[in-house]
K.L.:
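Pasting a structure below so you can have a look.
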Amino acid sequence: MAIPRFWREIRQRYKGIGVECKNCGEIYFPPRDICPECRRESYKKMEDYELKGTGEVVTYTKVHEPHPEFKDLSPYVMAIIEMDEGVRLTGHLVDVDYEQVERGMKVEASMRKLGEESPEGLIYYGYKFWPLDTHGKD
Amino acid sequence: MKAKNEVGIKGYAGYVPKYRVTPEEIGDVWGKDGKTMGKGLRVESKSVPSPDEDVVTISTQAAKWAMRRADIKGEDLEAIYVGSESHPYAVKPTATIVAASLAASPHMTAADYEFACKAGTAAFQTCMGLVSSGMIENGMAIGADTSQGAPGDALEYTAAAGGAAYVIGSDDLLAKIEETISYTTDTPDFWRREGEKYPQHGGRFTGKPAYFKHIMNCTEKMLERTGKEPEDYDYAVFHQPNGKFPVKAAKKLGFSKEQLEPGLLVTHIGNTYSGAVPLGLAATLDQAEPGDNILVTSYGSGAGSDSFDIMVTDNIEKMKDSEVPTVEEVISNKEFISYSVYAKFRKKIEGGR
């Protein structure tokens, strides 16, 4: 990933900052410039919105043939999470066994290393998810 | 060093990675009686970070929880200092990444500290100075590490990962920091040269002229300054490179095992270096009652100690309903791994692509 691209997305990756359409109230993540529902009505009405960071598992899978970047984590669990605000994100589920995961499981975002450019290069950080019942007070 | 104006802790939290490896498992690989070594060190297991965890992620998690407890937002933080001997970058601050992850940037100051195991308490003192002088309202002091011992070295049995974060301010305090004092000398007991992966140490030299001399002198000076006796304190937290040193130091100073107990985490998670004293204090605050007096003394090789006299306020009661997990709850979520998995997690072995 090029440095400027990673840098541009830091707010989204670290803090889960999306946008809220002040015309219809819909939340979008990643951020969009225009609300696809309200179109030009939403012009200049898209404001920053920070996701609370909690949501639940919609569906999930176990990855045995990892991307080389994630080989030390293999096998790992990827999931689609529906955040409390309704937006859906794809992310790693960490600190959890595949057998423990179930649809509807409450999860919370936590910052982890997503990868690195190279051993000498930039480290990429961003959100992954962990179960709320073992990592917080549900 | 007495603060000019009231200063103390508004929020705190500790985070420790979930994975554990036992001394027995490590000893098996290197032909040592790990079980006996563990008993000697009084360490039953040490924490191991997942491959996607480092000082940035540990600090961020602890800080996020500490802010939730303090009920403040990122923009309320005017300073962030992260103390560690395992910052992910040699050049590029951990603190800027943590600040961005807390939405504290850009109108704030940030820096990384390094002072072996006492870098976290050095961050406390800086925040105390800034708050009590009135320069800032709220500062974040973090101590975190993902320490490494060379494979087969004595340090490998204890070098662990974890950290804790503190919001330091002047109002709504959970605990007042009444006084701090330091004891600093040039003592070459432990070091890591630029570009080296693993540290070197002076073996038994790390004991008497290093750990004990600094902890004892610093704590004794604190007792002299406050005019208190060890029994006047409800709890004491000392740096814990293993389970033996803090207990011995406490005994010599006149503190009881009971005073140490809540903050003595090394037995379960190993030596979390810059995270050790901040985590021990966090676990102690989890159990503290209003009016409790806590004495804290850190130790960092190289060498120095920082002592703090901390008085718990009525606000600590509010923490009992907090949504943030206690240190005990965080630590109880654990999974034991083999030496091979630990070696992979810590990049002691590399897989092919």
Side-chain angles (χ1 to χ4, degrees), chain A residues 3 6-17 48-54 66-76 91-97 100 108-138, chain B residues 13 15-19 49-65 68 73-74 87-90 92 94 96-105 146 197 320-326 329-330 332-335 341-353:
Chain A
I3 294 173
F6 173 75
W7 171 77
R8 264 200 304 272
E9 294 171 355
I10 276 179
R11 275 159 42 90
Q12 298 159 38
R13 291 176 190 276
Y14 293 5
K15 283 294 290 172
I17 294 181
D48 280 357
Y49 180 91
E50 185 184 332
L51 297 175
K52 280 193 292 173
T54 44
H67 181 278
E69 194 94 75
F70 307 135
K71 68 180 192 310
D72 290 349
L73 297 165
S74 175
Y76 56 89
H92 285 250
L93 285 191
V94 295
D95 292 356
V96 68
D97 287 332
Q100 294 170 293
E108 184 183 30
S110 178
M111 192 156 108
R112 293 286 177 117
K113 266 168 79 172
L114 296 179
E116 57 187 30
E117 203 174 11
S118 65
E120 305 80 33
L122 206 65
I123 305 169
Y124 306 129
Y125 295 96
Y127 56 81
K128 291 189 179 182
F129 296 91
W130 63 23
L132 250 187
D133 65 340
T134 54
H135 284 79
K137 287 185 172 173
D138 193 2
Chain B
Y15 174 75
V16 178
K18 162 183 180 182
Y19 300 98
S50 168
D52 59 358
E53 290 183 293
D54 63 15
V55 167
V56 166
T57 67
I58 291 170
S59 300
T60 298
Q61 189 57 51
K64 220 167 96 176
W65 280 337
R68 206 179 289 173
K73 292 195 175 97
H87 291 290
Y89 289 97
K92 160 99 184 81
T94 300
T96 55
I97 310 173
V98 174
S101 73
L102 303 175
S105 25
T146 56
K197 189 170 181 185
K320 292 187 175 145
D321 309 315
S322 155
E323 282 175 19
V324 174
T326 61
E329 282 167 329
V330 172
S332 65
N333 177 33
K334 60 184 174 194
E335 182 180 332
V341 171
Y342 152 74
K344 180 182 77 170
F345 277 13
R346 300 306 284 131
K347 298 215 179 305
K348 290 168 196 278
I349 50 169
E350 292 275 353
R353 293 222 160 200

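Excluded from the calculations below are hydrogen atoms, water molecules and symmetry mates; all remaining heavy atoms, backbone and side chain alike, are included. Each chain gets a letter, A, B and so on, in the order the sequences are listed, and its residues count up from 1.
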K.L.:
Who in residues 118-125 of chain A is close to chain B, using a strict under-4.5 Å heavy-atom cut-off?
P.N.:
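Residues of residues 118-125 of chain A touching chain B at under 4.5 Å: A/Gly121, A/Leu122, A/Ile123, A/Tyr125.
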K.L.:
Using the side-chain contact (heavy atoms from CB on, under 4.5 Å) criterion, which residues pair with A/Asp72? Sequence neighbours excluded.
P.N.:
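With neighbours one apart ignored, the set is B/Pro51, B/Lys344, B/Lys347.
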K.L.:
Which pair of heavy atoms, one from A/Lys15 and one from B/Ala100, lies closest together, and at what distance?
P.N.:
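Looking at all heavy atoms of both residues, the closest pair is CG-O, 3.6 Å.
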K.L.:
Do B/Arg68 and A/Glu108 sit within salt-bridge range, that is, some charged N less than 4.0 Å from a carboxylate O?
P.N.:
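Looking at A/Glu108 together with B/Arg68, the answer is yes, because their closest N to O distance falls below 4.0 Å.
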K.L.:
Measure the spacing between CG of B/Asp52 and OH of A/Tyr76 and express it to the nearest 0.5 Å.
P.N.:
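Interatomic distance, B/Asp52 CG to A/Tyr76 OH, rounded to 0.5 Å: 11.5 Å.
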K.L.:
Take atom NZ of B/Lys73 as the centre, draw a 6.0 Å sphere, and report whether it contains more than 12 heavy atoms from other residues, nucleotides or ligands.
P.N.:
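No, NZ of B/Lys73 has 12 or fewer neighbouring heavy atoms, counting only those of other groups under 6.0 Å.
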K.L.:
Before giving the answer on side chain to side chain contact (heavy atoms under 4.5 Å, CB included), spell out for A/Tyr14 and B/Leu102 the whole-Å C-alpha distance, their side-chain angles and the decisive distance to 0.1 Å.
P.N.:
CA-CA 8 Å; A/Tyr14 293 5; B/Leu102 303 175; over 6 Å; no
K.L.:
Among A/Lys113, A/His92, A/Arg13, which residue forms the greatest number of heavy-atom pairs with chain B at distances under 4.5 Å?
P.N.:
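Most pairs with chain B among the choices: A/Lys113.
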K.L.:
For A/Ser110 and B/Gln61, which heavy atoms make the closest approach, and how far apart are they?
P.N.:
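In this case the closest contact between A/Ser110 and B/Gln61 is OG-OE1, 2.8 Å.
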K.L.:
Locate the shortest heavy-atom distance separating B/Ile97 from A/Met111; write the atom from each residue and the value.
P.N.:
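Scanning both residues completely, I find the closest heavy atoms to be CG2-CE, 4.0 Å.
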K.L.:
Taking all heavy atoms of A/Ala109 and all of B/Lys64, pick out the closest pair and write down the distance.
P.N.:
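Where A/Ala109 meets B/Lys64 most closely, the heavy atoms are O-NZ, 3.0 Å.
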